[in-house]
Number of protein chains: 2
Amino acid sequence: MGITIKDVAAKAGLSVSTVSKVFNHYADISPETKELVMEVAQSIGYYPNATARALKTNRSYNLGFLFDENASSGITHPFFAEVINAFKNECESRGYDMTFINRNVGQTQMSYLNHCRYRNVDGVCLAGVDFFSREIHDLIYSDVPSVSIDHVFETRPSVVSENTRGIQDLTEFAIQRGHTRIAYIHGETTSSVTRHRITGFYRTMTAHSLPVPPEYFLEGKYLDSRRCRELVLNLLSLPEPPTFILLPDDVSYLGAIEAANIKGRIIGQDISFAGYDGIQMIQYLKPKLTTIRQNTEEMGKKAADLLIDMIEQPNTAGSEITYITGKLLEGKTVAVLNG
Amino acid sequence: MGITIKDVAAKAGLSVSTVSKVFNHYADISPETKELVMEVAQSIGYYPNATARALKTNRSYNLGFLFDENASSGITHPFFAEVINAFKNECESRGYDMTFINRNVGQTQMSYLNHCRYRNVDGVCLAGVDFFSREIHDLIYSDVPSVSIDHVFETRPSVVSENTRGIQDLTEFAIQRGHTRIAYIHGETTSSVTRHRITGFYRTMTAHSLPVPPEYFLEGKYLDSRRCRELVLNLLSLPEPPTFILLPDDVSYLGAIEAANIKGRIIGQDISFAGYDGIQMIQYLKPKLTTIRQNTEEMGKKAADLLIDMIEQPNTAGSEITYITGKLLEGKTVAVLNG
DNA sequence: TTGACTTTCTAAAACGTTTTCGGTAAGATG
DNA sequence: CATCTTACCGAAAACGTTTTAGAAAGTCAA
């Protein structure tokens with residue numbers, strides 16, 4: 001069909017092997033031959049075929065990205081979109097392409113592991129999945145190189161954002177400004193991200209000998225502003241409402257604003273909020289949200305680098321954990337009570 | 001390395017050809033043999049290798065997605081993210097995977113066309129690129145099947161959202177509510193999307209014999225709320241400011257809100273706005289934005305279907321244009337002047 | 001001149017499939 | 001019983017590469 005290495009060989013009057021060697025930078029090729037081959041290749045528009053190459057070398061230069069199996073938000077998720085984008089950019093600059101790994105390929109169901117094998121990906125990056133499922137387990141403990149984001153497996157490298165630290169900073173920030181009645185609407189406890197954040201929260205509160213009454217500690221959902229709205233309404237209806245509320249994430253702030261309006265509270269005065277993620281679009285809201293800006297750029301890039309390093313130097317592959325620190329973005333949503 | 005068809009053949013006591021035929025649903029296989037092969041394959045965890053298959057059949061079951069070459073927003077773009085997600089989901093349910101096509105694979109620059117050939121994609125979908133560039137031209141007029149979103153090439157099928165209609169509806173909506181001083185901050189004129197929208201705007205204004213003074217017609221930028229803020233400020237500082245402003249898109253509304261606040265205008269009373277896209281997150285803002293909700297789900301799905309149909313039935317491949325109609329979402333940002 | 005290196009190239013096998021073309025055996029037909 | 005079908009299976013070539021092992025020709029020292 002297309003132009004193959006044979007065409008180049010024929011036109012250059014050389015063997016296929018020689019042409020191949022030129023493209024793979026072998027040493028035993030004279031400069032003249034090299035130049036000739038390149039010229040001919042250029043002139044007839046030859047480009048090596050990745051599939052054929054992959055078949056022979058068992059290297060596809062294709063990386064899998066596995067995330068969000070329930071596909072509720074998918075690529076649309078503002079936080080993951082940024083991470084994926086950074087991952088993709090780093091892949092590309094290192095010569096790899098990226099393919100999404102999923103379970104339903106056509107009619108037939110396929111395990112993640114099989115999908116990886118089927119596509120011959122050189123490695124796979126996991127983010128935002130159910131890290132405790134059997135399927136993920138099978139994949140992680142298989143021979144396909146992998147790296148996980150915001151979850152650590154003992155045998156694989158991982159990139160995790162310092163969630164404990166982030167919530168600690170936020171809580172500390174509130175306390176420094178005189179808040180003592182601090183509530184936390186956290187995300188789903190099934191994820192380790194949430195558990196780390198909860199740890200950070202309790203740790204800080206305890207350090208300052210502040211109580212956390214059970215009605216101040218609620219399970220919310222990530223990215224669900226409607227649910228957040230309800231929970232904030234509940235909190236504000238309490239006989240003794242909190243003065244500061246930690247939200248699951250930035251998107252939840254949309255619901256929090258509504259709840260505050262309904263209750264006639266002025267944000268940053270009568271009630272204080274903090275989010276998590278540092279999503280660009282949310283930062284445009286008034287009042288500007290105090291939050292932790294996650295370094296998504298770094299997370300995606302680092303994940304790609306770890307994965308590719310592992311692929312290219314399998315001997316040096318470890319299971320290191322790379323911590324990415326977020327940054328507290330001070331907005332206008334936190335009242336100063338001890339002015 | 002992995003488990004191959006040979007292993008299955010050996011264990012089942014059959015030839016490689018027979019096993020292959022089972023997996024490709026050939027007719028000349030007895031039910032018993034079929035079952036045996038499936039059983040053995042299952043038991044040793046065999047899955048056909050897509051690369052080998054691709055090499056032989058010249059079909060990779062892999063689709064390229066090409067978008068946003070300058071990578072400014074990339075996958076992060078709220079509108080494209082939704083389209084891509086829908087495209088991806090439809091691909092998957094029809095048995096295809098998706099790979100992003102770009103230009104910089106490793107150190108070496110590679111044309112889009114070469115990247116497609118290199119990866120052996122069965123087809124490619126284009127969205128949000130510079131449709132007038134040479135590179136895109138080369139790709140579109142090559143033999144690799146393609147479909148474009150929001151731009152039409154005569155020789156290829158395309159999916160376009162009814163942009164002219166959308167702006168028409170919005171403008172009409174404003175006029176019906178008594179607005180006559182209507183300004184339009186449009187996006188970059190390099191895209192045909194913008195040009196269609198502009199057509200819709202002028203057409204409606206002219207139909208109602210309403211003037212469009214030059215100072216009411218400004219070139220903004222998509223997704224740039226800061227720039228929008230400046231332009232809205234300018235408009236509101238005019239001796240005779242407009243009462244209604246069409247914004248480039250929903251994200252721009254963030255800037256518009258700021259500008260209105262600065263100028264002390266109450267949105268939906270003193271000044272009216274309309275956006276475009278219908279992005280979920282923006283809909284949570286107060287006051288709720290009147291906008292056109294683009295049917296991104298349908299756009300992505302349809303693009304995938306067109307592309308796959310073209311690949312699977314090349315004879316029936318046409319160059320039809322599929323129009324996707326948006327839906328006017330009535331918010332609270334438009335004042336009624338003729339109440 | 002000879003042997004030992006170097007340098008540069010090539011032949012051929014291999015990667016894991018698909019697919020064409022036959023082949024064999026069993027059953028059907030006369 | 002001989003022949004024709006039919007149903008099922010396999011051998012082998014091919015897809016476009018990479019890579020190993022070695023061949024051919026040139027260089028150089030003794």
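Quantities reported herein were computed from a predicted structural model and do not represent experimental measurements.
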Subject >> Those residues that, when tested against A:K301, pass salt bridge (Lys or Arg N to Asp or Glu O under 4.0 Å) (two or more places apart) >> reply: A:E90, A:D305

**OP:** Check salt bridge (Lys or Arg N to Asp or Glu O under 4.0 Å) between B:D150 and all other residues, then give those that pass, not counting sequence neighbours.
**Re:** none

Original post:
What's the NZ-C1' distance between B:K6 and C:dC15, to the nearest Å?
Top reply: 8 Å

**OP:** Write down the distance between CG (B:N120) and C1' (D:dC15), rounded to a whole number of angstrom.
**Re:** 10 Å

Original post:
What is the distance from CG of B:D7 to C1' of C:dC15, rounded to the nearest Å?
Top reply: 13 Å

Subject >> Selection: residues 39-54 of chain B, any non-hydrogen atom under 4.0 Å of DNA chain D >> reply: none

Subject >> Contacts of type side chain to side chain donor-acceptor pair (under 3.5 Å), residue B:Y26, not counting sequence neighbours >> reply: none

**OP:** For B:S111, check side-chain contact (heavy atoms from CB on, under 4.5 Å) against everything at least two apart and list the hits.
**Re:** B:L113, B:N114, B:E135

**OP:** Could you list the residues that satisfy side chain to side chain donor-acceptor pair (under 3.5 Å) with A:T33, not counting sequence neighbours?
**Re:** A:S30

Subject >> Residues forming a ring-ring contact (aromatic ring centres under 6.0 Å, His included) with B:Y323, sequence neighbours excluded >> reply: none

**OP:** Pick base, sugar-phosphate or nothing for B:T57, based on heavy-atom distances below 4.0 Å to the nucleic acid.
**Re:** sugar-phosphate

**OP:** Could you state the atom-to-atom distance from NZ of A:K56 to C1' of C:dG16 in whole Å?
**Re:** 11 Å

Subject >> Test: B:D143 and B:R117 ion pair at under 4.0 Å >> reply: yes

**OP:** Would you please name every residue forming a side-chain contact (heavy atoms from CB on, under 4.5 Å) with B:K56, sequence neighbours left out?
**Re:** none

Original post:
For A:E35, which residues count as a side chain to side chain donor-acceptor pair (under 3.5 Å) partner, sequence neighbours excluded?
Top reply: none

Subject >> Residues A:D138, A:R134: salt bridge by 4.0 Å N-O rule >> reply: yes

Original post:
So, is A:S20 near the phosphate of D:dT18, with a side-chain N or O under 4.0 Å from OP1 or OP2?
Top reply: yes

Subject >> Bend angle of the helix from C:dT1-D:dA30 to C:dG30-D:dC1, end axes from five pairs each (to 10°) >> reply: 50°

**OP:** Whole angstrom is fine here: how far is it from CZ in A:F23 over to P in D:dT19?
**Re:** 15 Å

Subject >> Rounded distance in Å - CG (B:N58) to P (C:dT19) >> reply: 11 Å

Quick test: give all pairs of protein nitrogen or oxygen and nucleotides 8-12 of chain C nitrogen or oxygen below 3.5 Å, distance rounded to 0.1 Å.
{"residue": "C:dC9", "atom": "OP1", "partner": "A:T33", "partner atom": "OG1", "Å": "2.3"}
{"residue": "C:dC9", "atom": "OP2", "partner": "A:S30", "partner atom": "N", "Å": "2.9"}
{"residue": "C:dC9", "atom": "OP2", "partner": "A:S30", "partner atom": "OG", "Å": "3.4"}
{"residue": "C:dC9", "atom": "OP2", "partner": "A:T33", "partner atom": "OG1", "Å": "3.0"}
{"residue": "C:dC9", "atom": "N4", "partner": "A:D28", "partner atom": "OD2", "Å": "2.6"}
{"residue": "C:dT10", "atom": "OP1", "partner": "A:S15", "partner atom": "N", "Å": "3.4"}
{"residue": "C:dT10", "atom": "OP2", "partner": "A:S15", "partner atom": "N", "Å": "3.0"}
{"residue": "C:dT10", "atom": "OP2", "partner": "A:S15", "partner atom": "OG", "Å": "3.0"}
{"residue": "C:dT10", "atom": "OP2", "partner": "A:T18", "partner atom": "OG1", "Å": "2.2"}
{"residue": "C:dT10", "atom": "O5'", "partner": "A:S15", "partner atom": "OG", "Å": "3.4"}
{"residue": "C:dT10", "atom": "O4", "partner": "A:K21", "partner atom": "NZ", "Å": "2.9"}
{"residue": "C:dA11", "atom": "N7", "partner": "A:S17", "partner atom": "OG", "Å": "3.1"}
{"residue": "C:dA11", "atom": "N6", "partner": "A:S17", "partner atom": "OG", "Å": "3.2"}
{"residue": "C:dA12", "atom": "N6", "partner": "A:S17", "partner atom": "OG", "Å": "3.3"}

Original post:
Got a sec, which residues hit side chain to side chain donor-acceptor pair (under 3.5 Å) with B:S146, two or more places apart in sequence or on another chain?
Top reply: B:R156

Subject >> B:I5 CD1 to C:dT19 P, straight-line distance once rounded to whole Å >> reply: 11 Å

Original post:
Between D:dC8 atom C1' and B:L36 atom CG, what is the distance in whole Å?
Top reply: 14 Å

